[in-house]
Q: 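If you scroll down you'll find the structure; I have some questions about it.
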Amino acid sequence: MLCNTAEFLHQVRELTPVPAARAATRLRASLKGVKPKEIKPADRGVLLGDHLPSGVELRGSDEDTYLAIMAPRAGKSTALAIPIAEQAPGALLLTSNKADVYAATRAARSRVGTTWVLDTQGVAQVERAMWWDMIAQAETLEGAERLAGHFVGQITSDQADPFWSQAAQDLLVGLFRAAWWDGGTVRDVMKWLSDPAEKTPLRILYEHEPVLAEQVDSSISIAEETQSGIYQNARTAMSALREEKVLAWVTPDKVNPRFDPEHFATSKDTIYLLSKKGGPTAAIVAALADAVFTAAAEAGERAGGRLPEPMRAVLDEAANICKIADLPDLFSHLGSRGINPFVILQSYRQGVKAWGEVGMDAMWSASTKKVLGVGLDDAKFAADISSLVGAHFVNRGSYSKSKEGGYSHSVSEQREQVMDAAEIRAMKKGTALLLATGLPVAQIALRPWYEEEAMATSATR
Ligand SMILES: Nc1ncnc2c1ncn2[C@@H]1O[C@H](COP(=O)(O)OP(=O)(O)O)[C@@H](O)[C@H]1O
Ligand SMILES: [Mg+2]
């Protein structure tokens, strides 16, 4: 087992209350000059759990990036997503495939700012009270490419011929740009997609961006059969928006307010991005999250490097509903701009499926705090963790009979795995391993919100 002495608490000292508070005063504009001892626990950073067995609270800082891997019902929502959301000091972005986190945090978050909800599939049965200008993302060519990438990425599989996804991507980039130049909406894009003979988007593009127009023109002015295949692929990528109900969330509307990523970045608002599963609808979640990240990173740059108050981005079920293709590469960039991504997965393999071996490895290395919970029922991964946790030396004493008839005592140092793979797989529910860059592995007790609530209620009685 892990050695749990005071010395070990000392090794993770920078995550304990006073050093954590000191880091917060350095990273948050509103805490400048405040004495670390006067800083409330919620302001000391991202709650990870309590160090075992000392019980001392450990928190990650506002420049960390986070990755949690735990089996279903291990406490991802109750012990990570909900407490982090409730204590978020600035803007909060949350993805979820269930209503639980939304239901538990909505009241607290609406006391600090506006709560926005994107729920195109009725996950929480929330009536639409916002719209997002998706086409605004196509203001730049790069923005249009990223937008198209989220949709095409959802229909791309490893086996598919990349020609079709690339062609669908190029077509969508052209159509998004044309809609943007023309002051159009996603509805126009859908209309243009339904008819390959429709020349309006090309005409608009030739007027404003002849080079791009020629590229799009030459990639679609081909044999009719191929052309209709390209259009079919692009339609499949955008199929979520065939439904009026879904389309309404991303097209201008005179009644409801517009969700503005730029304004959001420096607010204390919350956006809940809800989606049941992957596929075309989840592309909207990924696209909106990406728009928020871009706007927030730019706001951070404008503010001299990082956001004055950190933005928390809790990406629960990220591998299914927030599959931003280059999320692993964005990780450290976001951390340095004052945006804390907290990606929550059910297994390492789930991450590999979404981002590939290379991508998942990159995300693993780029996350400065990793929380590994119970139920890591993947023998290879458990063995990898065991070797990461490392070995330590233990002193083993032994007595041996000496020639003179007496006994001599000798002590020899032996190398032992701190936790073997079987111990990792059999960790107690409610506990987790914490891997923090540059620090030895610690064991923590998770802090589910319902227990904190019970404690708070009994304390006030
Ligand atoms: N309000 C509550 N009171 C007591 N136990 C709860 C409460 N909410 C959830 N749990 C339990 O906590 C455990 C972790 O749940 P959850 O965090 O939702 O898991 P997941 O990792 O799938 O997100 C589950 O066993 C669940 O039954
Ligand atoms: Mg959950």
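Keep in mind it's a predicted model, so treat the numbers as computed, not measured. Atoms considered below: every heavy atom in the structure, side chains included; atoms not considered: hydrogens, waters and symmetry mates. Counting convention: from 1, in listed order, for ligands and their atoms alike.
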Q: With sequence neighbours excluded, what pairs up with Ala354 under the side chain to side chain contact (heavy atoms under 4.5 Å, CB included) test?
A: Ala319, Lys323
Q: Only counting residues at least two apart or in another chain, list the ones meeting side chain to side chain contact (heavy atoms under 4.5 Å, CB included) with Pro328.
A: Trp355, Ala362, Met363
Q: For ligand 1, indicate whether the residue Lys429 contacts it via side chain, backbone, both or neither (heavy-atom separation under 4.0 Å).
A: side chain
Q: Can you tell me if Met70 has a non-hydrogen atom under 4.0 Å from ligand 1?
A: no
Q: So, Lys370 side chain and Trp364 main chain: donor-acceptor pair closer than 3.5 Å or not?
A: yes
Q: Answer yes or no: is there an ion pair linking Arg306 with Asp62, defined by an N-O contact shorter than 4.0 Å?
A: no
Q: With heavy atoms of Ala71 as the reference, note each atom of ligand 1 found under 4.0 Å away.
A: 21 (O)
Q: Tell me every residue that passes side chain to side chain donor-acceptor pair (under 3.5 Å) with Arg59, counting only those two or more places apart in sequence or in another chain.
A: Glu57, Gln87
Q: Do the side chains of Glu244 and Arg187 get close enough for a salt bridge, i.e. N-O under 4.0 angstrom?
A: yes
Q: Please report which non-hydrogen protein atom sits nearest to atom 20 (P) of ligand 1, along with the residue it belongs to and the distance in Å to one decimal place.
A: Arg73 N, 3.4 Å
Q: With a 4.0 Å cut-off on N to O distance, would you call Arg146 and Asp326 a salt bridge?
A: yes
Q: Considering only non-hydrogen protein atoms, determine which one is nearest to atom 5 (N) of ligand 1 and report residue, atom name and distance to 0.1 Å.
A: Tyr450 CZ, 3.3 Å
Q: Give a yes/no verdict on whether any heavy atom in Glu451 is under 4.0 Å from an atom of ligand 1.
A: no
Q: Can you find a heavy atom in the side chain of Arg106 that is under 4.5 Å from one in the side chain of Tyr272?
A: yes
Q: Establish, from distance only, whether the side-chain atoms of Gln121 and Ser275 form a donor-acceptor pair under 3.5 Å.
A: yes
Q: Do any nitrogen or oxygen atoms of Pro72 come within less than 3.5 Å of a nitrogen or oxygen of ligand 1?
A: no
Q: Just so I know, are the side chains of Phe342 and Arg312 near enough to count as touching, which here means a heavy-atom distance under 4.5 Å?
A: no
Q: Check this for me - ligand 1, Thr78, N or O atoms closer than 3.5 angstrom, yes or no?
A: yes
Q: Below 4.0 angstrom, counting only protein heavy atoms, does anything approach atom 26 (C) of ligand 1?
A: no
Q: Using distance alone, determine whether Ala79 and ligand 1 share an N or O pair under 3.5 Å.
A: no
Q: Report yes if the side chains of Asn233 and Phe163 come closer than 4.5 Å at any heavy-atom pair, otherwise no.
A: no
Q: Quick one: does atom 10 (N) of ligand 1 have a protein heavy atom under 4.0 Å from it?
A: yes
Q: Closer than 2.8 Å to the Mg ion (ligand 2), which protein N, O or S atoms?
A: Ser77 OG
